[in-house]
Amino acid sequence: MKGDETPGRGRAWLLASVAVAALFAAFFLVRGCAFMPWNRSGREVEARVTITRDFGVTVLKEQRVRVREGSTAMDALLEAAEVETAYGGGFVQGIDGLRSGYQSGLGDGEKVDWFFYVNGHMADVGADDYTLRDGDWLVFDYHSWDYSMFTPFLAGCFFQALRSGYGGRSAEGVAVLHTPGAAEEAGEVAAMLEERGISCDKRLLEEDWAPREDEYAVVVGIWKEMEDNGYLRRAFSNASRLGLYAYFDGAELKLAGPRGGVAEVLSGKAGLIEGTGPRLGDGRSALLVCGLDREGLDAAVEALQELAAEGGRPVTAIAAPAGSAAFAVPGEVR
């Protein structure tokens, strides 16, 4: 009897195996193999990649790309451009044929390189080490570092900086501080932010105020009232060390060119939009919306409104002479 039962049992096992295989095949066809180790997460993130030169003035390429969740800024850049890397792949040597001009091993060549920003914040890691968050705005800018290797926060990206932050840390609210004579202008700036879903706490700027860790701050005012604040006074007195291409000096607003040196001086009715450091919220930086006088402050607020309307510009700072078009600093300094 055993000999007669074995073939039947074998056929039963065969039929069962075929049925199970068919069920697995149908399951994976429907679910897209979502449970396989190499495809556990089908989620994607979107990033805006902007490739520029000369401190954001010339936009060479802009593209929105989608990459798998957990990808790096380098992955996004590779979707948008041809990239040459160095030092193990973490350093951007060239993009679309535009290469670093400096030979670090030899210590010579032109001091011009690629610099990397996330949502307007200068990155503290290489593009291959920054993990993307959905909606990040990546800027890769090719510019001279004759004046400073420390190129500061991109003030032209300030709305994105406040909305999306850096490395997943963004502002829950923004402190809008103002000098005694600038409460109205501070209210306009706060209204612009609140219209875009950014809550604000508007208050008077005090002499001993300085940015605190995790505080996102915008300072609005006329310089002669702002210079009593020790933090702001020290920032502008160390402009080159901090990579600030525009700074107040007494009753003048001095503008450096791309390679340093004072290229233009504005002595009245001029405003400025600039960040004082690399990353808002890290305790070292604030966004300034200020002027030499009230007309200059009004021109700065108007320039801020124009930036908001066009979705931002990947530029370091904006000078705003009253009665004339605002321009990027240092890239458009005349």
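Because the structure is predicted, anything quoted here is derived from the model rather than measured.
Taking W223 as the reference, F236, F248 meet the ring pair (Phe, Tyr, Trp, His ring centres under 6.0 Å) condition, with sequence neighbours excluded. Scanning for side chain to side chain donor-acceptor pair (under 3.5 Å) contacts around E264 gives R334, with sequence neighbours left out. By the side chain to side chain donor-acceptor pair (under 3.5 Å) test, S71 pairs with no residue at all, sequence neighbours left out. With sequence neighbours left out, the ring pair (Phe, Tyr, Trp, His ring centres under 6.0 Å) criterion links F55 to H143, Y245.
Residue pairs meeting the ring-ring contact (aromatic ring centres under 6.0 Å, His included) criterion with at least one partner in residues 186-214, sequence neighbours excluded, are W209-Y231. Contacts classified as ring-ring contact (aromatic ring centres under 6.0 Å, His included) and involving residues 254-312 (residues at least two apart or in different chains) are not found.
Ion pairing between E46 and R66 holds under the 4.0 Å rule for side-chain N and carboxylate O. A salt bridge links E110 to R259: one of the charged nitrogens lies within less than 4.0 Å of a carboxylate oxygen. By the 4.0 Å N-to-carboxylate-O rule, D293 lies too far from K224 to be salt-bridged with it.
Applying ring pair (Phe, Tyr, Trp, His ring centres under 6.0 Å) to H121 and the options F115, F153, F116 leaves one that passes, F153.
Checked against the 6.0 Å centroid criterion, the rings of Y117 and Y166 do not qualify as a close aromatic pair.
No single ILVMFWY cluster, assembled from side-chain heavy atoms under 4.5 Å apart, contains both V112 and F150.
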Open item on the list: Could you walk me through whether E184 and R294 satisfy the salt bridge (charged side-chain N to carboxylate O under 4.0 Å, His left out) test, starting with their C-alpha distance in whole Å, then the side-chain angles of each, then the deciding distance to 0.1 Å, before giving a yes or no?
Closed with: CA-CA 11 Å; E184 181 178 345; R294 183 164 298 283; 5.8 Å; no

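Of the possible polar contacts, none joining the W137 side chain to the S164 backbone as a donor-acceptor pair under 3.5 Å is found. Without hydrogens or angle criteria, D282 side chain to R284 main chain gives a donor-acceptor distance under 3.5 Å.
From D113, atom CG reaches atom OH of Y142 across 7.0 Å, with rounding to the nearest 0.5 Å. S100 contributes atom OG, which lies 11.5 Å from atom CD1 of I95 (distance to the nearest 0.5 angstrom).
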